[in-house]
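Every heavy atom of this structure was used, including side-chain atoms; hydrogens, water molecules and symmetry mates were not.
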Amino acid sequence: MVISSFTAPPRPSTPVRGRSPFALPETRWAAAALALFLAGLAADLLGGPAWLWWALYLGCYVAGGWEPALAGLRELRARRLDVDLLMVVAALGAASIGQVLDGALLIVIFATSGALEALATARTEDSVRGLLELAPETATRLTGDGEETVPAADLEVGDLVLVRPGERLTADGTVESGGSEVDQSTITGEPLPVDKAPGDEVFAGTLNGTGALRIRVGRRAEDSVVARISALVEQASRTKARTQLFIEKIEQRYAIGMVAATIAVFALPLLWGASAEESLLRAMTFMIVASPCAVVLATMPPLLAAIANAGRHGVLVKSAVALERLGSTTRVAFDKTGTLTRGAPELAELRPVPGLDADGLLRLAAAAEQPSEHPLARAVVRAARDRGLHLPPAHDFAAQPGRGVSARVDGELVRVGSPAALVPEGHPVAHELERRGHTAVVVVRDGHVAGVLGITDQVRREAAPAVAAVTTLTGTAPVLLTGDNHAAAARLAGAVGIADVRAGLLPADKVSAVGELEAAGRRVAVVGDGINDAPALAAAHAGIAMGGAGSDLTLRAADAIVVRDDLTAVPAALALARRARRVVTANLVIAGSFIAGLVLWDLLGTLPLPLGVAGHEGSTVLVGLNGLRLLGGRAWRKASAVVR
């Protein structure tokens, strides 16, 4: 997909919704061409009057052919000849000798292809616009006289803004006062809310937790991280080199050669004394049999059949070009949170002090955390219930945003929170857990440390088999690209079998990492789910979004979407795409052989027009049927067999 003229717009005042397919003129014209073609075909096959089906077919020519014809003429004015114009000429040539059906079929194929590209481009533009809605439109600015509500775009560097609990942050900046936990997974990919205290950096578009924050604005709205993500996606979409189908790669040479040959086939016999009618018939026969209709169908049916098959099994591939990209991938880069993990915290370790067992420590912590809505608290309570522990009621509960909670449990004061807040001098067990990539939570009972909990993100059960299958398919081990800290990334990578780990990456850093891999000669497919992954998905050779929790922009930027949220579908889709490419290659050999044989017959002998049409259509049907084999369930089962 190529976005040739897109300018990032100002943030809209109302939510941007995806445009309907029929809001685009390309889609309307393609639909009209298809409808006229089907109506003409029905009239033809049912024995209707010739004038009727001829009129319907010619209407198809006009509806689907005027735009590529106009574009082709513009290219011709620039001294370039493309296959689109050649197809229109071939279609008209077919009609001129009575083969109006062949020409109409070509018109429908190319009109549909153009409509799909236009729709993909429009939806990407809508998504880039919608990304800017993450940041609120208004902000609460603090002044010497109190507070005022102002447009977020009017905030200046140095302004002081108030962000209340549950609100999204309005600007990039630094916490001036207050404390809270902030969910910034949309920007950094970190799976758990991050405690924020005075002096900490925060980002526009992230979600505040239970505390109030006063933030000193550090960047204007147009310079914020979320705005830069939008710009990265737009830039990557514009500069991403288009992977072309075979017919597009040879279109200049084929088009020029076919035109020159058709003229020669018509003109040379005239010079040798042949009649004009005989020469025209031979030339038109040549144009029909040399038409790349079979080549187009050799390419599209296998790719479209594979797309349909993948769609039935929970993988939506956006276009034939996208499937071709997936099939030519040589290395895969995985995001961590929401991709290899589920993005939900779980209790991983219990480290009680001597004299207290693990269940006793968990019972204390879960009882104190019961009234809390913090994601870590819910993970602790869930773990206690999974063990069947009875939790006593908590009294005098209090939550200190960014620090933890306190409550009386069985008459004892229990505090649960971050090591920095509860054990300022540090705690060796907490340090050990943090070095291993866990989030450490300290439990204090009546002023004494009762133990430490280790909380981590849930690793998908299918992550390790999926990584192994991808390694087998591409012949190269995947790479992990994450915004999470290195310790957490390394722990996850070790669990799933990835050696190349790149952690602490912002969205622009992920794009740079993809660029480095591709500069080394790799065709990289990026698998991710968050907004912070969208620029990398757009910049990569191929992008795959995990659709279960994927953001709207990520789904738009990706070439394929795993709807059922099963990571094993990624290697299966890659394997199916590779098989589709092999079928395309076989079909091109078949189609090329038929074209070469019929052309030689027409040039060296006398090829009867009906036989030429039969041979041309026979090759078209043959390659079409061969490609449609990929529609069967067996094709997906064979692709899925790569995952053991």
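Under the 4.0 Å criterion applied to side-chain N and carboxylate O atoms, Asp154 and Arg220 are not assigned as salt-bridge partners. By the 4.0 Å N-to-carboxylate-O rule, Glu156 lies too far from Arg219 to be salt-bridged with it. Ion pairing between a basic and an acidic side chain is recognised when a charged N comes within 4.0 Å of a carboxylate O; Arg351 and Glu432 show such pairing. For Asp533 and Lys510, the salt-bridge test passes: some basic side-chain N is under 4.0 Å from an acidic carboxylate O. Ionic pairing of Arg363 and Glu369 is not present here: no N-O contact between side-chain nitrogen and carboxylate oxygen is shorter than 4.0 angstrom.
The main-chain N or O of Gly178 is never found under 3.5 Å from a side-chain atom of Arg214 such that the two would form a donor-acceptor pair. Thr471 places no side-chain N or O within donor-acceptor distance of the main-chain N or O of Ala477, the cut-off being under 3.5 Å. In this structure, His427 contributes its side chain and Val442 its backbone to no donor-acceptor pair below 3.5 Å. A donor-acceptor pair under 3.5 Å is formed between the side chain of Gln370 and the backbone N or O of Pro392.
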Decide yes or no on side-chain contact (heavy atoms from CB on, under 4.5 Å) for Thr476 and Thr330, but give the supporting numbers first.
CA-CA 7 Å; Thr476 308; Thr330 59; 5.8 Å; no

Decide side-chain contact (heavy atoms from CB on, under 4.5 Å) for Arg387 and Arg382; before the verdict, give the C-alpha distance in whole Å, the side-chain angles of both, and the deciding distance to 0.1 Å.
CA-CA 9 Å; Arg387 293 191 180 207; Arg382 184 170 59 250; over 6 Å; no

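In this model, no donor atom of one side chain and acceptor atom of the other lie less than 3.5 Å apart for Thr143 and Glu148.
Here the CG atom belonging to Leu376 is positioned 4.5 Å from the NE2 atom belonging to His374, to the nearest 0.5 angstrom. From Thr206, atom OG1 reaches atom CG of Leu169 across 4.0 Å, with rounding to the nearest 0.5 Å.
Of the residues Leu492, Leu567, Thr482, Ile544, the one that meets the side-chain contact (heavy atoms from CB on, under 4.5 Å) test with Phe334 is Leu567.
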